[in-house]
Amino acid sequence: MEIRTLRNFIAVVQEEGVTAAADVLHVSQPSLSRQIKGLESEMGAMLFIRGTRGRPLELTHEGRLLYRRACEIVELADRTRSEIASGEDIEGDVHVAAAQSVVMDVLAKAAVRVRELHLGVRIQLHDDYGENIVERLDNGLADFGVLVQPSDMSRYDHLPLPGGDRMGLLMRPDHPLAVKNGITPDDLQDLPLIIPKGALVRRDLSGWYGGNLRPFDIIGTMNLTYNASRFVRAGYGCALSLEGLIDTGERSGLTFRPLEPVLRASLSMAWKKNQPLTPPARAFLDCVREVASEPGE
């Protein structure tokens, strides 16, 4: 399985057809068709559903799986080539996969500082949640992952980040609970809730919630708060969220109330054990450590 063939396969998927991809790649259509058929033979599976001429190609289940992995393989190959070419020069990309949090202010300040010291360093952010962040770390697609705790950190070195976001309820301003200063476990009984998927996996609310109350009425899960906030504003339900991620100003159509007793999320920045960091990643880590240790952080 050659990298060039995977790049061409990705182009066929993104251009929705062999002819269009051949034009973009500046290769002949018959040659590209033979590459795709050869790839299917190598994989032992059909990658595309062949339909009527002129209609966009549709991926099979195996094709969708290969497309996802091909994108990761090509990205990793490009990163490796770039890192080797840069040698020990402190320039290049630092890839950070992160959960959404106001604690990212620490990394933002570190990014400013590392750019002041090394103008050639670029920070590439990938917003996601726990399981996907861990996958990117393990696959070498991220230098660092910012993970909500508790998480299994046995495979990583990590740096606890200062501060911690309050968990609370995101709702419409006309919701009956909006008149309260804080939201108790009793308030959440039978309340239609959208809950962060990571919070369910980690059981973030188990200690706060206790064992004597009925289960939550979970009507959906989310990875990123912004999209869920649109559902809340439309009246679909309320969402458990970290404070400060969504605009709750006067014209936003949303409001936030913290949980009582207060529940805070703590985060750590993780990187793989026994794996050397690139020069720009080492420089960025040094700046994160400096910012995290400063008073007020």
Just so I know, are the side chains of Asp217 and Leu193 near enough to count as touching, which here means a heavy-atom distance under 4.5 Å? no
For a side-chain contact (heavy atoms from CB on, under 4.5 Å) check, start with the C-alpha distance between Asp127 and Leu224, then their side-chain angles and the critical distance, and finish with the verdict. CA-CA 8 Å; Asp127 296 332; Leu224 301 177; 4.3 Å; yes
Could you go through the side-chain hydrogen bond (donor to acceptor under 3.5 Å, both in side chains) check for Ser101 and Asp165 one step at a time? CA-CA 7 Å; Ser101 167; Asp165 303 353; 2.6 Å; yes
Shortest non-hydrogen contact from Ala228 toward Met222: CB-SD, 3.1 Å
Going by heavy atoms in the side chains, are Leu285 and Trp271 under 4.5 Å from each other? yes
For the student: nearest non-hydrogen atoms of Pro280 and Ile90, plus distance: CA-CG2, 4.2 Å
Evaluate the side-chain contact (heavy atoms from CB on, under 4.5 Å) criterion for residues Met104 and Leu125: first the C-alpha distance (whole Å), next the side-chain angles of each, then the deciding distance (0.1 Å), finally the verdict. CA-CA 11 Å; Met104 287 295 290; Leu125 293 175; 4.2 Å; yes
Asp174 CG: over 12 foreign heavy atoms closer than 6.0 Å: yes
Counting N and O atoms only, with roles assigned by atom type, does the side chain of Ser31 sit under 3.5 Å from a partner on the main chain of Ser28, one being a donor and the other an acceptor? no
Would you find more than 12 non-hydrogen atoms of other residues, nucleotides or ligands less than 6.0 Å from Lys180 atom NZ? yes
If you compare all heavy atoms of Leu137 against all heavy atoms of Gly145, which two are closest, and at what distance to 0.1 Å? CD2-N, 3.6 Å
Any non-hydrogen side-chain atom of Arg136 less than 4.5 Å from a side-chain atom of His126? yes
Determine the minimum heavy-atom distance between Glu260 and Asn181, stating which atoms define it. OE2-C, 4.3 Å
Using only atom types and a distance under 3.5 Å, with no angle test, would you say the side chain of Asp247 pairs donor to acceptor with the backbone of Gly249? yes
Could you check if a side-chain atom of Leu59 sits within less than 4.5 angstrom of a side-chain atom of Ile49, using non-hydrogen atoms only? no
How long is the gap from OG on Ser241 to CE on Met171, to the nearest 0.5 Å? 11.0 Å
Checking Leu188 against Leu191 for the side-chain contact (heavy atoms from CB on, under 4.5 Å) test, could you report, in this order, the C-alpha distance in whole Å, the side-chain angles of both residues, the deciding distance, and whether it holds? CA-CA 5 Å; Leu188 299 185; Leu191 187 69; 3.8 Å; yes
Side chains of Asp186 and Thr184: do they bring a donor and an acceptor to under 3.5 Å? no
Please confirm whether the backbone N or O of Leu177 pairs with a side-chain atom of His175, one donor and one acceptor, at under 3.5 Å? yes
Kindly compute the distance separating CZ (Arg172) from CG (Leu254), expressed to the nearest 0.5 Å. 9.0 Å
Atom CD in Gln35, atom CG in Leu6: separation rounded to 0.5 Å? 10.0 Å
Regarding Arg257 and Thr255, is there a side-chain donor-to-acceptor distance under 3.5 Å anywhere? yes
Please check: side-chain N/O of Ser33 versus main-chain N/O of Gln29, any donor-acceptor pairing under 3.5 Å? yes
Sole residue of Arg289, Lys109, Arg113 in salt bridge (charged side-chain N to carboxylate O under 4.0 Å, His left out) with Glu294: Arg113
Under 3.5 Å, side chain of Arg115 to main-chain N/O of Val121, donor-acceptor pair present? yes
For residues Val13 and Met46: do they belong to one hydrophobic cluster (side chain heavy atoms under 4.5 Å, members Ile, Leu, Val, Met, Phe, Trp, Tyr)? no
What's the verdict on salt bridge (charged side-chain N to carboxylate O under 4.0 Å, His left out) for Asp78 and Arg7, showing C-alpha distance, side-chain angles and the deciding distance? CA-CA 11 Å; Asp78 290 341; Arg7 290 188 193 277; 2.4 Å; yes
Flag, side chain of Gln149 to backbone of Leu147, donor-acceptor distance under 3.5 Å: yes
Does a side chain donor of either Tyr67 or Glu72 reach within less than 3.5 Å of an acceptor in the other side chain? no
The reported gap from CD1 in Ile10 to CD in Glu75 (rounded to nearest 0.5 angstrom) is 10.0 Å
Could you give the distance from SG (Cys287) to CZ (Arg282), rounded to the nearest 0.5 Å? 13.0 Å
With clusters defined by side-chain heavy atoms of hydrophobic residues (ILVMFWY) lying less than 4.5 Å apart, directly or transitively, does Val146 cluster with Val112? no
Quick one: does any side-chain atom of Asp93 pair with a main-chain N or O of His95 as donor and acceptor, under 3.5 Å? no
So if I apply the side-chain contact (heavy atoms from CB on, under 4.5 Å) rule between Phe144 and each of Leu277, Val288, Ile133, Leu159, which one comes out positive? Leu277
Please report the C-alpha distance between Asp157 and Lys273 in whole Å, then the side-chain angles of each, then the deciding distance to 0.1 Å, and finally whether the salt bridge (charged side-chain N to carboxylate O under 4.0 Å, His left out) criterion is met. CA-CA 5 Å; Asp157 291 318; Lys273 283 182 178 178; 5.4 Å; no
Decide yes or no for Leu161 and Leu107: does some side-chain heavy atom of the first lie under 4.5 Å from some side-chain heavy atom of the second? yes
Can you find a pair of side-chain heavy atoms, one from Leu240 and one from Met167, that are under 4.5 Å apart? yes
Aromatic ring centroids of Tyr226 and Phe231 under 6.0 Å? no
Minimum heavy-atom separation for Phe9 and Ile36, please, with both atom names. CA-CD1, 4.0 Å
Looking at side-chain heavy atoms only, is the closest gap between Tyr156 and Lys272 below 4.5 Å? yes
Nearest heavy-atom approach of Arg264 to Gly164 is NH1-O, 2.9 Å
Hey, are the side chains of Ile194 and Cys238 touching, using non-hydrogen atoms and a 4.5 Å cut-off? no
Do Ile218 and Leu263 sit in one hydrophobic cluster, given that two such residues count as connected whenever their side-chain heavy atoms are within less than 4.5 Å of each other, even indirectly? yes
Report the C-alpha distance between Arg69 and Glu135 in whole Å, list the side-chain angles of each, state the deciding distance to 0.1 Å, and finish with yes or no for salt bridge (charged side-chain N to carboxylate O under 4.0 Å, His left out). CA-CA 12 Å; Arg69 294 306 183 192; Glu135 183 177 357; 3.1 Å; yes
Ile246 CD1 to Arg233 CZ distance, which is reported to the nearest 0.5 Å: 10.5 Å
Side-chain heavy atoms nearer than 4.5 Å, only ILVMFWY residues, links allowed to pass through others: does that put Leu76 and Val134 together? no
Those residues that, when tested against Glu2, pass side-chain hydrogen bond (donor to acceptor under 3.5 Å, both in side chains) (two or more places apart): none
